[in-house]
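As C-alpha cells, the structure follows; a few thoughts come after it.
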Amino acid sequence: TTELERPWRTIIWKSEKRMELMESVKSYKPTVSSVSQVRVLLIGPVGAGKSSFFNSINSVFRGHVTSQAIAGCSTTSLTTQFRTYSLKAGREGKPLPIILCDTMGLEESTGAGLDIDDISSILKGHLPDRYQFNPSAPLHSEAHSYRKSPALKDKIHCVAYVIDACKVSIMPTKLEEKLDAIRRKVNLMGIPQLVLVTKVDEACPLVTEDVKNIYNSGYIKELV
C-alpha cells in the first residue's frame, strides 16, 4: 500500500473537534419547519455494514455501546424489515434531528434482497416503520400498510450508499447494475446522495495499523 506524503483530506483528530462535530449534528435544524428530523436512507449490499453503522453512531451519541439494530455476517440480509431509527443524545437525551432508515441488503440475483420497486416506495414515504420486506413481491399501493398520502417529513431526504471497502473490486456486475438503477431513480427525484465506505481498516494494512492513516493511504484514495 502506498503511503502518501501529504494526506488527501485534512482531519483534526482531537476530542475537541469530535465534540464540535457532535454539537453541529445536535443543533442542526432542517430548513422546512414541517420537517423536524431529516430521514437518511442507508442502501447497500448484504453485509456492507448498514446496521453496524447505525449502532456505531448511536453508541457515540448515547455515550455507551449499543446494538439496537441487528448486525452480523451472513450471506443473506439480517435486516428483513424497513426500520426507522431515531438517535438520542445521552441515555435520556432528546432525539437528534436525524433519523437513520435501515433496509434489507441488496443481492445480485433477481427476487432476492431489497426490491428496486420497494426502494421507490421508501423514497416517496409510502413504507411504514417495521414493514416486512418480501423480495419476490414489492409492496402494492392497495396493501393495508401502504401510506397513501405521505407528508414531506415521511419522505427520504438523503440517500447514503454503504459500501464495503474490501469488496469494491470484486462487486458482481448484477449488483453494480442494481446500484446504478437505484442511483438513476434517486437522481430523478433530486435527493442528495453520498457514499459511505466501511471496513477501511480491513482493506488497507496502513489503516489497520492506525485508523488515523486513512487519508495517507493511496489505496483508499484510489478507492474513493
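Only heavy atoms go into these numbers, but all of them, side chains included; no hydrogens, no water, no symmetry mates. Each residue takes its place number in the sequence, starting with 1. Since the structure is predicted, the reported quantities are computational estimates derived from the model, not experimental observations.
There is a path of hydrophobic side-chain contacts, each under 4.5 Å, that joins Ile156 to Met189. Each of Leu123 and Leu194 belongs to its own hydrophobic cluster when Ile, Leu, Val, Met, Phe, Trp and Tyr are linked at side-chain heavy-atom distances under 4.5 angstrom. Placement of Val38 and Val32 in two distinct hydrophobic clusters is found when ILVMFWY residues are connected by side-chain heavy-atom separations under 4.5 Å, directly or transitively. The cluster map of Ile, Leu, Val, Met, Phe, Trp and Tyr, joined by side-chain heavy atoms under 4.5 Å apart, puts Leu87 and Val35 in different clusters.
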query: Given the rule in the side chain to side chain contact (heavy atoms under 4.5 Å, CB included) test, do Val211 and Asp201 qualify, once you have shown the distances and angles that lead to the verdict?
result: CA-CA 7 Å; Val211 77; Asp201 55 327; 5.5 Å; no
message: Run Val60 and Arg18 through side chain to side chain contact (heavy atoms under 4.5 Å, CB included) and show every step you take.
response: CA-CA 10 Å; Val60 166; Arg18 180 169 168 268; 3.9 Å; yes
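A heavy-atom distance below 4.5 Å is not found between the side chains of Asp102 and Phe54. Residues Phe53 and Leu196 meet the side-chain proximity criterion, which asks for heavy atoms closer than 4.5 Å. Arg62 places a side-chain heavy atom less than 4.5 Å from the side chain of Lys88. Side-chain contact between Ile122 and Cys101 is absent, with no heavy atoms from C-beta onward closer than 4.5 Å. In this structure, Thr103 and Phe82 have side chains that are in contact, with non-hydrogen atoms separated by less than 4.5 Å.
Considering OG of Ser36 and CD1 of Ile99, their distance stands at 7.0 Å, rounded to 0.5 Å. Between the NZ atom of Lys94 and the NZ atom of Lys26 there is a distance of 9.5 Å, given to the nearest 0.5 Å. In this structure, Arg183 CZ and Ile43 CD1 are separated by 12.0 Å, a value rounded to the nearest 0.5 Å. Interatomic distance, Ser52 OG to Ile57 CD1, rounded to the nearest 0.5 Å: 12.0 Å. Atom CD in Glu209 sits 9.0 Å away from atom SG in Cys204 (nearest 0.5 Å). How far CG of Asp180 is from CG of Leu175: 10.5 Å, rounded to the nearest 0.5 Å.
Counting only residues at least two apart or on different chains, the ring-ring contact (aromatic ring centres under 6.0 Å, His included) pairs with a member in residues 167-218 are Trp8-Tyr215.
The two residues Asn213 and Leu206 make their nearest non-hydrogen contact at ND2-O, 3.0 Å. Considering every non-hydrogen atom in both Ile214 and Val207, the closest pair reads CA-CG2, 3.8 Å. The two atoms that bring Gly47 and Lys199 nearest to each other are O-NZ, 2.7 Å, heavy atoms only. Pairing each heavy atom of Gly125 with each of Arg147, the nearest pair is O-NH1, 2.8 Å.
With salt bridges taken as basic N to acidic carboxylate O contacts below 4.0 Å, none links Glu177 and Lys174.
Using modelled atom types and a 3.5 Å distance limit, the side chains of Ser120 and Lys185 yield a donor-acceptor pair.
Remark: Ile12 CD1 is loosely packed, at most 12 non-hydrogen atoms of other residues, nucleotides or ligands lying under 6.0 Å away.
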Quick one: side chains of residues 157-171, donor-acceptor pairs under 3.5 Å with protein atoms, not counting sequence neighbours, listed by atom name and distance.
from, atom 1, to, atom 2, distance (Å)
His157, ND1, Arg39, N, 2.9
His157, NE2, Leu152, O, 2.9
His157, NE2, Lys155, O, 3.4
Tyr161, OH, Gln193, OE1, 2.7
Asp164, OD1, Cys166, N, 2.8

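Of the possible donor and acceptor atoms, none in the side chain of Lys124 sits under 3.5 Å from a partner among the backbone N and O of Asp154. In this structure a side-chain-to-backbone donor-acceptor pair under 3.5 Å is present from Thr198 to Ala48.
Other members of a hydrophobic cluster containing Leu188 are absent, since no ILVMFWY side chain comes under 4.5 Å of it, directly or through relayed contacts.
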